[in-house]
Amino acid sequence: MTSGFIGIFDSGYGGLTILDGIRQRMPEYDYIYLGDNARAPYGTRSFDVVYDFTLQAVKKLFEMGCPLVILGCNTASAKALRSIQQKYLPKYAPDRRVLGVIRPTAEVVGKMSHTGHIGVLATEGTIKSQSYNLEIQKLHPNCTVVGQACPMWVPLVENNEFDKPGADYFVRDSLQKLLQQDPLIDTIILGCTHFPLLLNKINQQLAQLSTLNSQLSTPHIIPQGQYIAASLEDYLHRHPEMNQRLTQGGTCQYFTTESPTKFRESANLFLHEEVNVQHITLN
Ligand code: DGL
């Protein structure tokens, strides 16, 4: 049988939270994870650079035998997905598909908020792109969306500082800035795939902020993994022609553009299992 992997791409480790959600729901498929750790973070990079880097990764995953690639990265989904889908695929790879993480998240969030006031925490690139505001307002026109860039959060995760006391300041600071923009927020999207690693800190700080401010009820947090998994499962049901091309051996291979040893150590924190990692070059 020819190879038919589901490819999952992120700038670094963050996409492992998406991979984990997907594999928990659909362990039977074969996966390839590619982290561009050598060039992470993508969050502050320009549209053109994120597009070029993401396209290099997508092409590599196609070459490796993935008919379907998920951009497990909000920044790449915000800055590169539309151009890849509309310009690259029709011309160069009409039989392949690339999906992102923003639309599936936008679909569920409107149904979860009671006040209709939604907050987005993400990288500077995702916030500036306004992708969440546009998608949510298209799908749920009665919702109000405000975003807050958290430039320090990805470095805290990439450098394994996310559960250290130093992280508290940066988590609290961004949450306060978000809630000051709209105190009626009852639902917060973690719009960066690195952020679920900071969930304990986020919950602690939110609980403290709502104790200090009796007007504030603790908002509901949406990490993306489980929703992206449900959306992918639905996609494969609706696209049996793609589903048939995917092999089901239950395997997962990992590739990084940085040191495999470093990736292996950090991946353990995300996946709680030993992984076998290989180096890869993108250009
Ligand atoms: N994990 C990525 C995201 O979801 C981006 C992190 C970065 O490279 O800045 O946005």
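Whatever order the structure lists them in is the order used to number ligands and atoms, beginning at 1. All values reported here derive from a predicted model rather than from experimental measurement. All heavy atoms count here, side chains included; hydrogens, waters and symmetry mates do not.
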Would C73 count as a contact residue for ligand 1, given that I'm defining contact as a non-hydrogen atom of the residue lying under 4.0 Å from a ligand atom? yes
Check each heavy atom of D10 against ligand 1 and say whether those closer than 4.0 Å belong to the side chain, the backbone, both or neither. side chain
Ligand 1 versus N74, non-hydrogen atoms closer than 4.0 Å: side chain, backbone, both, neither? both
Counting the benzene-type ring for Trp, do Y33 and F255 have ring centres under 6.0 Å apart? no
Between E233 and R25, is there a side-chain N and carboxylate O pair less than 4.0 Å apart? yes
Can you name the atoms of ligand 1, numbered from 1 with element, that are less than 4.0 Å from a heavy atom of T123? 9 (O), 10 (O)
Ring centroids only, cut at 6.0 angstrom: are F195 and W153 within range, meaning strictly under it? yes
With heavy-atom distances below 4.0 Å as the criterion, list the atoms of ligand 1 near T75. 3 (C), 5 (C), 10 (O)
Quick one: look up the protein heavy atom nearest atom 7 (C) of ligand 1 and list residue, atom name and how far away it is. Y42 N, 3.3 Å
Are E265 and K262 within salt-bridge range, i.e. N to O under 4.0 Å? no
shortest atom 9 (O) of ligand 1-to-protein heavy-atom contact is with G43 N, 2.7 Å
Taking the inter-plane angle between the rings of Y42 and F9 on a 0 to 90° scale, is it parallel (under 30°), tilted (30 to 60°) or perpendicular (over 60°)? tilted
Is there a nitrogen or oxygen of S11 sitting under 3.5 Å from a nitrogen or oxygen of ligand 1? yes
Could you tell me, atom by atom, which parts of ligand 1 come under 4.0 Å of a heavy atom of T193? 1 (N), 2 (C), 3 (C), 4 (O)
Is D234 salt-bridged to R238, cutoff N-O under 4.0 Å? yes
If I apply the N/O under 3.5 Å rule, does T126 come out as touching ligand 1? no
Is the closest basic N to carboxylate O distance between K59 and E63 below 4.0 Å? no
